[in-house]
Amino acid sequence: MKKALIAGITGQDGSYLAEFLLKKGYQVHGIIRRSSLGNTKRLDHVVQNQTLDERNLMLHYGDITDSSRLEKLVGNIRPDEVYNLAAQSHVQVSFNEPIYTADVVACGALKILEAVRSNLGRETVRFYQATSCEIFGNSKISPQNEETPLHPDNPYACGKVFAFHNVRLYRDAYGLHASNGILFNHESPRRGETFVTRKITRGLAQILAGKEEKLFLGNLDAKRDWGHARDYVEAMWLMLQQPLGGDYVIATGESKTVKNFLEVAFGLVDLNWQDYVEIDPKLIRPVDVDSFIGDSSRARTMLGWSPRTSFLELTREMVIRDLQEEGLSPDRYGLKI
Ligand code: NDP
Ligand code: GDR
């Protein structure tokens with residue numbers, strides 16, 4: 001039985017990846033932070049899923065900033081595959097907390113990479129780093145691919161660039177099977193509530209439930225290449241099944257504005273978003289990236305990966321799940337599950 005270790009297992013992607021690997025028959029080990037309230041909400045249904053053997057999911061306390069703990073975990077578990085998804089992943093928060101963000105995103109990645117290199121033989125282990133399209137920033141080149149020059153435009157992206165280069169270096173210098181998944185935005189009903197898509201679908205459901213009257217947002221003209229997290233975790237795994245490590249852009253190749261997302265989400269329940277949305281200047285970032293669009297030809301050719309979920313299906317799934325969270329029947333709005 002193959003063993004995988006996931007740092008960031010309690011996050012959006014970590015929970016989908018854990019499910020995916022358990023279904024493939026892996027023993028999955030996850031690193032979780034101690035929290036005064038539970039932080040395993042996204043994993044609870046995995047443990048309760050009767051078709052999966054919950055004994056194959058093991059959670060260990062740890063923090064990506066604590067190298068001695070990472071050394072011990074990697075040394076004791078001796079995983080075949082290590083996925084580093086742990087991050088302070090909110091771009092706007094990274095402007096407020098740049099030092100902490102760098103500790104987690106940049107140094108955290110290097111600490112787990114070093115724990116892997118120093119504990120395990122390079123022939124036996126494969127390493128995945130959650131790199132982001134944010135490394136390209138406001139690029140003059142569109143669409144962006146693996147050759148696009150890096151131009152990070154926020155502290156989070158600067159941290160991801162540091163990690164990106166270290167993964168490449170460990171591959172070249174030590175022959176480690178290490179890969180950067182350069183993932184463009186991916187969303188789902190499990191998306192954190194302060195990212196814009198989930199904020200919109202959750203806000204919409206709260207408006208329909210009569211709990212809120214308005215939804216406050218920032219830059220509505222920003223364009224993002226939005227895919228579904230469930231499709232993207234498959235690409236992570238595929239990268240580690242290749243004979244050599246490498247860097248791959250994972251994207252849909254379609255870019256939409258925040259306004260487009262509002263139109264589709266509110267349109268699904270026959271509301272006009274302009275009646276409900278207000279701009280809050282506090283939500284405008286010191287620098288925002290105007291537009292991302294990815295060219296994932298390399299992944300499509302070499303990994304045989306392509307996205308399965310359309311923009312409309314993604315938005316619909318998120319709206320339905322947030323209506324249900326508010327105790328509203330999607331049927332009432334003509335949304336069949
Ligand atoms: P989330 O913010 O949902 O999850 C982040 C995970 O990292 C959580 O499990 C969180 O734990 C954990 N974490 C944060 N700080 C620490 C720490 N100090 N020690 C250990 N664990 C920590 O992110 P996503 O699932 O959306 O993204 C996964 C990864 O992919 C991240 O690295 C992100 O930067 C990157 N990425 C995401 C994209 C996206 O569109 N979603 C696109 C490109 C890259 P806790 O639950 O306790 O907070
Ligand atoms: P992003 O995602 O910054 O691309 O990072 P986010 O959903 O936060 O923002 C997308 C765009 O929407 C604009 N926006 C708002 N954003 C938020 N969060 N809240 C608002 O109210 C709001 N109004 C408008 C933003 O300005 C931005 O242009 C995500 C994260 O998952 C990163 O970890 C990941 O690396 C990148 O995607 C790829």
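Predicted model, so just to flag it, every value in this text is computed and none were measured. Counting convention: from 1, in listed order, for ligands and their atoms alike.
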Seminar exercise, completed: With heavy atoms and a 4.0 Å threshold, my read on which part of Thr194 contacts ligand 2 is backbone

Exercise. Considering only protein heavy atoms, which is closest to atom 14 (C) of ligand 1, and at what distance to one decimal place?
Worked result: Ala87 O, 3.2 Å

For this session: Under 4.0 Å from a heavy atom of Tyr156: give me the atoms of ligand 2 that qualify, with their elements.
Result: 32 (C), 33 (O), 34 (C), 35 (O)

Exercise. So is Ile32 close enough to ligand 1, meaning a heavy atom under 4.0 angstrom away?
Worked result: no

Exercise. Is there any N or O on Gln12 that sits under 3.5 Å from an N or O of ligand 1?
Worked result: yes

Exercise. Quick one: does ligand 2 sit under 4.0 Å from the side chain of Val196, the backbone, both or neither, non-hydrogen atoms only?
Worked result: both

For this session: Would you tell me which option among Lys111, Arg191, Lys160 has the nearest heavy-atom contact to atom 26 (O) of ligand 1?
Result: Arg191

Exercise. Can you find an N or O of Asp13 that's nearer than 3.5 Å to an N or O of ligand 1?
Worked result: yes

Problem set entry | Under-4.0 Å heavy-atom contact with ligand 2, by part of Ala87 that carries it | neither

Problem set entry | Within-cut-off N or O pair, Val104 and ligand 1, under 3.5 Å | no

Problem set entry | Part of Lys160 within contact of ligand 2 (heavy atoms, under 4.0 Å) | neither

For this session: Find all atoms of ligand 2 within a distance of less than 4.0 Å from any non-hydrogen atom belonging to Phe195, and give their numbers and elements.
Result: 7 (O), 8 (O), 18 (N), 30 (C), 31 (O)

For this session: Just jot down the ligand 2 atoms closer than 4.0 angstrom to any heavy atom of Ala222, in number order.
Result: 28 (O)

Seminar exercise, completed: Contact region, Tyr156 to ligand 1, non-hydrogen atoms below 4.0 Å, reads side chain

Exercise. So is there a nitrogen or oxygen of Thr65 less than 3.5 Å from a nitrogen or oxygen in ligand 1?
Worked result: no

Exercise. Counting each atom of ligand 2 from 1 as listed, which ones have a heavy atom of Ser89 under 4.0 Å away?
Worked result: 30 (C), 32 (C), 33 (O)

Exercise. Are any of the heavy atoms in His90 under 4.0 Å away from ligand 2?
Worked result: yes

Seminar exercise, completed: When distances are taken from atom 10 (C) of ligand 1, the protein heavy atom at minimum range is Thr10 OG1, 4.0 Å

Exercise. Of the choices Glu134, Glu193, Arg285, which has the non-hydrogen atom that lies closest to atom 3 (O) of ligand 2?
Worked result: Arg285

For this session: Check if Gln92 has a non-hydrogen atom at a distance under 4.0 Å from any atom of ligand 2.
Result: no

Exercise. Among the heavy atoms of Gln12, does any lie under 4.0 Å from an atom of ligand 2?
Worked result: no

Exercise. Hey, does Asn39 sit under 4.0 Å from ligand 1 if you only count heavy atoms?
Worked result: yes

Exercise. Applying a 4.0 Å heavy-atom criterion (strictly less than), which segment of Arg191 is in contact with ligand 2: side chain, backbone, both, or neither?
Worked result: side chain

For this session: Distance to 0.1 Å, residue and atom name: give those for the protein heavy atom nearest to atom 24 (C) of ligand 2.
Result: Asn219 O, 3.2 Å

Seminar exercise, completed: Quick note on ligand 1: atoms under 4.0 Å from a heavy atom of Ser132 include exactly 43 (C), 44 (C)

Exercise. Short question: side chain of Asn145, backbone of Ser296 - any donor-acceptor pair under 3.5 Å?
Worked result: no

Exercise. Should Phe195 be counted as touching ligand 1, given the test is an N or O pair under 3.5 Å?
Worked result: no

Seminar exercise, completed: Quick look: Val258 vs ligand 2, heavy-atom contacts under 4.0 Å, and the answer is side chain

Problem set entry | Per-atom contacts, ligand 1 versus Asn185 - under 4.0 Å to a heavy atom | 40 (O)

For this session: Quick one: look up the protein heavy atom nearest atom 37 (O) of ligand 2 and list residue, atom name and how far away it is.
Result: Asn185 ND2, 3.0 Å

For this session: Report, in ascending order of atom number, the atoms of ligand 2 lying under 4.0 Å from any heavy atom of Gly218.
Result: 21 (O), 22 (C), 23 (N), 24 (C)

Exercise. How long is the span from the CE atom in Met236 to the CH2 atom in Trp305, to the nearest 0.5 Å?
Worked result: 10.5 Å

Exercise. Looking only at protein heavy atoms, which one is nearest to atom 21 (O) of ligand 2, and how far off is it?
Worked result: Lys199 NZ, 2.8 Å

Problem set entry | Residue part near ligand 2, for Phe292, under 4.0 Å between non-hydrogen atoms | neither

